[in-house]
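Have a look at the structure below, then the notes.
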Amino acid sequence: QVQLVESGGGLVQAGGSLRLSCAASGRTFSRRAMGWFRQAPGKEREFVAAIDWSGSNTNFADSVKGRFTISRDNAKNTVYLQMNSLKPEDTAVYYCAASDRYFGGTASKEYEYRYWGQGTQVTVSS
């Protein structure tokens, strides 16, 4: 069982930065790929970024490439999403997720993730 708790959301002006953190419980964090998804009002949840179990490989949605980075600290059971050059269209609830399989790659589909956090709100004002 893995429990995930996101933090770091808030209100920021366009062009600003935020760093989201996702703290995981349990002993299997280091074996699982991790992902970030987001859901804007009235829209479906969408993939944002993923990192494999080792931290060696990452994957990003086209809409955030070059602006967001994802990293992990397996010693701290934590995954991060650094968001720079934020735009109003980045406004959403951001969720972190832990993959279903061990030692997998950078999954971008929701069904590949088994555990989800409760989400943290990110609001970017224009």
Side-chain angles (χ1 to χ4, degrees):
Q1 190 78 355
V2 177
Q3 293 184 322
L4 304 171
V5 179
E6 302 98 335
S7 61
L11 174 64
V12 64
Q13 289 188 331
S17 298
L18 281 176
R19 188 175 82 154
L20 305 184
S21 299
C22 174
S25 67
R27 297 183 292 177
T28 63
F29 173 82
S30 63
R31 307 173 206 168
R32 298 182 188 272
M34 298 295 295
W36 286 96
F37 290 76
R38 68 186 181 187
Q39 186 168 23
K43 295 187 177 182
E44 294 187 351
R45 189 157 57 185
E46 64 176 2
F47 169 74
V48 175
I51 188 167
D52 73 359
W53 64 277
S54 69
S56 298
N57 297 291
T58 58
N59 185 21
F60 297 92
D62 288 343
S63 58
V64 307
K65 279 181 182 175
R67 300 187 298 122
F68 290 13
T69 58
I70 186 171
S71 60
R72 68 189 296 159
D73 185 338
N74 285 345
K76 295 183 178 180
N77 273 20
T78 302
V79 62
Y80 305 96
L81 184 69
Q82 178 67 44
M83 306 186 294
N84 299 327
S85 302
L86 282 161
K87 305 175 181 180
E89 51 264 44
D90 294 319
T91 295
V93 177
Y94 283 71
Y95 300 89
C96 75
S99 67
D100 185 36
R101 295 188 299 130
Y102 290 165
F103 307 118
T106 55
S108 63
K109 305 298 184 184
E110 288 191 40
Y111 66 81
E112 297 178 279
Y113 291 88
R114 183 172 184 180
Y115 303 101
W116 294 81
Q118 82 290 348
T120 185
Q121 176 70 47
V122 171
T123 303
V124 184
S125 64
S126 57

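Counting from 1, the numbers follow the sequence of the chain as shown. Just so you know, these numbers come straight off a predicted model, no measurement behind them.
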Not counting sequence neighbours, which residues clear salt bridge (charged side-chain N to carboxylate O under 4.0 Å, His left out) with [X]? List them please.
X      : result
Arg114 : Asp100
Arg101 : none
Lys109 : none

Euclidean distance, [Y] [atom2] relative to [X] [atom1], rounded to 0.5 Å:
X     : Y      : atom1 : atom2 : result
Gln82 : Thr69  : CD    : OG1   : 5.5 Å
Thr91 : Gln121 : OG1   : CD    : 7.0 Å
Lys76 : Asn74  : NZ    : CG    : 12.0 Å

Q: Any pair with a residue in residues 59-71 that passes salt bridge (Lys or Arg N to Asp or Glu O under 4.0 Å), sequence neighbours left out, goes on the list, sorted by first then second residue, please.
A: Asp62-Lys65, Arg67-Asp90
Q. Which pairs with one or both residues in residues 5-29 pass salt bridge (Lys or Arg N to Asp or Glu O under 4.0 Å), sequence neighbours excluded?
A. none
If you take all heavy atoms of [X] and [Y], which pair is closest and at what distance?
X      : Y      : value
Phe47  : Ala107 : CE1-O, 3.6 Å
Thr106 : Asp52  : CG2-N, 3.6 Å
Ala14  : Ser126 : CB-CA, 4.4 Å
Ala49  : Phe60  : CB-CD2, 3.6 Å
Ile51  : Ser71  : CD1-CA, 3.7 Å
Cys22  : Met34  : SG-CE, 4.4 Å

For [X], side-chain contact (heavy atoms from CB on, under 4.5 Å) partners two or more places apart:
X     : value
Val2  : Leu4, Ala24, Thr28, Arg32, Ala98, Tyr115
Ser7  : Ser21
Ala23 : Thr78
Gln3  : Ser25

Q. Which residue pairs satisfy the side-chain hydrogen bond (donor to acceptor under 3.5 Å, both in side chains) criterion with at least one member in residues 42-51, sequence neighbours excluded?
A. Arg38-Glu46, Arg45-Glu110
Path from [X] to [Y] over hydrophobic side-chain contacts below 4.5 Å:
X      : Y     : value
Met83  : Tyr80 : no
Val122 : Val93 : no
Leu20  : Val12 : yes

Q | Ser17 side chain to Asn84 side chain, donor-acceptor N/O pair below 3.5 angstrom | A | yes
Q.
If the condition is ring-ring contact (aromatic ring centres under 6.0 Å, His included), which residues does Phe68 pass it with, not counting sequence neighbours?
A. none
Q: Scan for ring-ring contact (aromatic ring centres under 6.0 Å, His included) pairs involving residues 89-114, sequence neighbours excluded, and state none if there are none.
A: Phe37-Tyr113, Trp53-Phe103
